[in-house]
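Values reported hereafter were calculated over all heavy atoms of this structure, with side chains retained and with hydrogens, waters and symmetry mates removed. Lettering of chains follows the sequences in order, A, B, ..., and the numbering in each one begins at 1.
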There are 2 protein chains.
Amino acid sequence: MRMRTYGQYCSVARALDVLGDRWTLLIVRELLLRGPSRYTDLRAGLPGIATNLLAERLRELERAGVLARRDAPPPVATALFELTERGQQLRSVLDALGRWGVPLMAEPAEHLQFRSHWLSYPVELFLLDREAQRPPETIELRTGGEPVCVQVAAGEVRVLHHAVERPHAVLSGTPQQVLGLLSGQLELEHARAEGLVYEGEERLLARVLGHRAPVSAGPRREGEPAAGDAVQVQ
Amino acid sequence: MRMRTYGQYCSVARALDVLGDRWTLLIVRELLLRGPSRYTDLRAGLPGIATNLLAERLRELERAGVLARRDAPPPVATALFELTERGQQLRSVLDALGRWGVPLMAEPAEHLQFRSHWLSYPVELFLLDREAQRPPETIELRTGGEPVCVQVAAGEVRVLHHAVERPHAVLSGTPQQVLGLLSGQLELEHARAEGLVYEGEERLLARVLGHRAPVSAGPRREGEPAAGDAVQVQ
DNA sequence: CAGCATCCGCTTTGATACTG
DNA sequence: CAGTATCAAAGCGGATGCTG
């Protein structure tokens, strides 16, 4: 049970010594998106992982100070896994990876697993509230599994992992259609022709669809290419 | 030779399908730090990699559009590997990983390999030119292997992977001492007591040592802890 | 020498079955 | 629910050999 290391005195290599094993960063993704979670909920959000691997990774991440095991309050009394402060700081890593991966989402997705809470990534990265003075509004996203809800309020966009009473709009379609629309790669007219259904005021969609940042690039740096590059999908 | 995938329709998972194999992100690190490189130079910057793995990873990254193979101009006429635009966009991922890994650099480093060009990460992440109106100046860093040179000019800090004629100052010590000083975790007085040698005006050091950002955290986000947290080193 | 390919023993992963 | 245990298959690390 020795820990495998690259053996390099470099901060990237040291970070990968902790995070580079298979499944590890996806476990962090789950904890970032869902907050403190039970073992079984983690498994549900990580289709394909072997249970022994999940257990081992959780042990390693606990040892590394990335997450902590906590006993849930009395009524449930089951163990919860949650990120430590150090673990929360991995958000910037996951954000960067998630941005870089968006162009890959244009590939065919038929044989891929999907969980609707994964939509939090594109949504919170690409949507913004362009009319902060308006009252709060919500859009329900239906992509096949559990619905999630985009909450727009006071300049902030958040994703709730459950339905709300009376959403102001409902967006239904395949994950690819919903993601294409929300990331700005697909126009509403075009998406509708493909079968996506949007029920609600178009104004509300315009409120959040800011075309805030180019989909294919990370944070801007001098010397890097401008927006609008061809999206390469291998 | 099938490609292994997580099988998840999530942009983080898709990114890791391309980047998640062992050594892959370190190869990208080398290409980001050194620019177009020969196979042999990549090997030298990746101590510990098996040569067949390097060849295989290069092939995979080429297929994924992250890097390209190019023939060097006539005099040398050897193959060069260089990042594509898509590959350059991984800088934000590597930056985030490198920042997150900095606290891990406080661990004992005796048995770790070191290459001085790896210092580019901490240096370009943590130093800044606080006196942009002053003429350009250079600091040579000597950590045992090849020296590298910090160039401060017109508000920018760059690292050159070779010596320069007459540096304005020279900083010599173990990688840990030099990194500790430059990242703001170690004060000059204290570092000197440990054996670090700085020859040059202290003013020049103050020009770049901005304590620009807290070492242990990534880009600030609301709800995240403030600077100055205890640095946890497992 | 640069740039790989092949072979082999070991480790990690994946799938499934089982347990308190 | 929250994991262990078991075992086959794939991946990795190290050594060595081949080719222009």
Pair B:Thr78-B:Tyr39, side-chain hydrogen bond (donor to acceptor under 3.5 Å, both in side chains): steps then yes or no: CA-CA 9 Å; B:Thr78 179; B:Tyr39 186 90; over 6 Å; no
Side-chain donor-acceptor contact under 3.5 Å, B:Ser116 with B:His161: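 B:His161 and B:Ser116 do not have a side-chain donor-acceptor pair below 3.5 Å.
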Side-chain donor-acceptor pair present, B:His162, B:Glu146, cut-off under 3.5 Å: no
With the threshold set at 4.0 Å, does a side-chain nitrogen-carboxylate oxygen contact exist between [X] and [Y]?
X: A:Asp21; Y: A:Arg4; answer: yes
X: B:Arg158; Y: B:Glu156; answer: no
X: B:Glu60; Y: B:Arg57; answer: yes
X: B:Glu56; Y: B:Arg59; answer: no

B:Glu82 side chain to B:Ser37 backbone, donor-acceptor under 3.5 Å: no
Min side-chain heavy-atom separation A:Val178-A:Thr174 under 4.5 Å: no
Side chain to side chain, A:Thr24 and A:Val66, heavy atoms closer than 4.5 Å: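 Result no, sub-4.5 Å side-chain heavy-atom pair not found.
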Angle by which the axis turns from one end of the helix from C:dC1-D:dG20 to C:dG20-D:dC1 to the other, five pairs per end, to 10 degrees: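 Answer rounded to 10°: the end axes differ by 30°.
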Residues from residues 108-116 of chain B lying under 4.0 Å of DNA chain D - heavy atoms: none
Residues touching DNA chain D, which here means a heavy atom under 4.0 Å, drawn from residues 18-42 of chain A: A:Arg38, A:Tyr39, A:Thr40
Residues which pass salt bridge (Lys or Arg N to Asp or Glu O under 4.0 Å) with B:Arg115, listed by chain and number, not counting sequence neighbours: none
Over-ring placement of B:Arg22 relative to A:Tyr6, 6.0 Å and 45° cut-offs: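 Yes, B:Arg22 lies over the aromatic ring of A:Tyr6.
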Cation over ring face, B:Arg86 and A:Trp100, 6.0 Å, 45°: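 Because its charged atom sits under 6.0 Å from the ring centre and within 45° of the axis, B:Arg86 does stack over A:Trp100.
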Residue-phosphate contact under 4.0 Å: A:Arg57 side-chain N/O, D:dG3 OP1/OP2: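 No.
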Between N or O atoms, less than 3.5 Å apart, protein on one side and nucleotides 14-17 of chain D on the other: list the pairs.
residue : atom : partner : partner atom : Å
D:dG14  : O6   : B:Asn52 : ND2          : 3.3

Start and end of the DNA chain C segment that chain A contacts, any atom under 4.0 Å from a heavy atom: C:dT13 to C:dA17
